[in-house]
Visitor: 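Here it is, the structure in full.
Counting convention: from 1, in listed order, for ligands and their atoms alike.
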Amino acid sequence: MIIRGHHFLCMLGFKGLGYDEEFIKNMDKVVEKLKNDDDVLIKLVDSVDNICEKCPNNLSGVCKNEHHRDSIKEMDNAVLKVIQTRPGESMKYSEIATNIKLFMTEDIMNDICRNCSWKEYGYCVDGLKNLR
Ligand code: SF4
């Protein structure tokens with residue numbers, strides 16, 4: 001499985017919202033898979049991943065939000081740094097989840113996600129609190 005850094009935060013608070021029906025269905029599938037099999041090996045990236053596969057913003061394999069300041073790519077890299085890894089490395093989901101619990105704080109998350117249009121719902125930070 002391939003997952004980009006910031007999507008680990010999105011998945012914490014996923015409540016069935018998304019860009020369209022196809023996107024939501026696919027994201028639900030990824031979230032369920034990780035919930036049921038945390039031994040799964042994940043390649044960490046800062047580019048399109050298995051969640052982006054069904055996204056309307058994925059234009060021929062590149063997210064249209066990748067190329068501006070405070071872009072999604074920067075969010076990916078910030079998350080990967082906090083959980084002590086880097087793009088291209090692979091880890092089991094269980095190890096990633098442990099590092100999120102150990103190193104991700106609400107303050108860091110609020111800063112990384114400051115420009116995200118989903119932040120106002122508060123679901124993702126709630127998801128982080130529920131991990132503890
Ligand atoms: S393509 Fe961009 S907007 Fe769509 S899920 Fe991936 S990162 Fe998010």
Visitor: Which residue and non-hydrogen atom of the protein lie closest to atom 4 (Fe) of ligand 1, and at what distance in Å?
Guide: C55 SG, 2.3 Å
Visitor: Quiz question: by atom type and distance under 3.5 Å, do the side chains of N50 and E53 form a donor-acceptor pair?
Guide: yes
Visitor: So does R4 pair up with E66, basic N to acidic O under 4.0 Å?
Guide: yes
Visitor: Tell me whether ligand 1 is touched by N65 - counting only heavy atoms on the residue side and a distance under 4.0 Å.
Guide: yes
Visitor: Taking heavy atoms and a distance under 4.0 Å, where does E66 meet ligand 1: side chain, backbone, both or neither?
Guide: neither
Visitor: Does K64 have a heavy atom less than 4.0 Å from any atom of ligand 1?
Guide: no
Visitor: Under 6.0 Å between the ring centres of W118 and Y19?
Guide: yes
Visitor: What atoms in ligand 1 come closer than 4.0 Å to a heavy atom of F23?
Guide: 5 (S)
Visitor: Which atoms of ligand 1 sit under 4.0 Å from any heavy atom of H6?
Guide: 7 (S)
Visitor: Surrounding NZ of K54 (heavy atoms of other residues, nucleotides or ligands, distance under 6.0 Å), is the total greater than 12?
Guide: no
Visitor: Which heavy atom of S47 sits nearest a heavy atom of D76, and at what distance?
Guide: N-OD2, 4.2 Å
Visitor: Checking only N/O/S atoms, does C63 have one that is under 2.8 Å from atom 2 (Fe) of ligand 1?
Guide: yes
Visitor: Taking E32 first and then K35, would you say they form a salt bridge - that is, a charged N and a carboxylate O separated by under 4.0 Å?
Guide: yes
Visitor: Between L80 and V45, what is the shortest heavy-atom contact and its length?
Guide: CD1-O, 3.9 Å
Visitor: What protein heavy atom sits nearest atom 6 (Fe) of ligand 1, and how far off is it?
Guide: C52 SG, 2.3 Å
Visitor: Using a strict 4.0 Å threshold on nitrogen-to-oxygen distance, state whether D28 and K25 make a salt bridge.
Guide: no
Visitor: May I ask whether H7 has any heavy atom positioned less than 4.0 angstrom from an atom of ligand 1?
Guide: yes
Visitor: Pick whichever of N57, D76, V62 has a heavy atom sitting closest to atom 3 (S) of ligand 1.
Guide: N57
Visitor: Any non-hydrogen atom of R4 lying under 4.0 Å from ligand 1?
Guide: yes
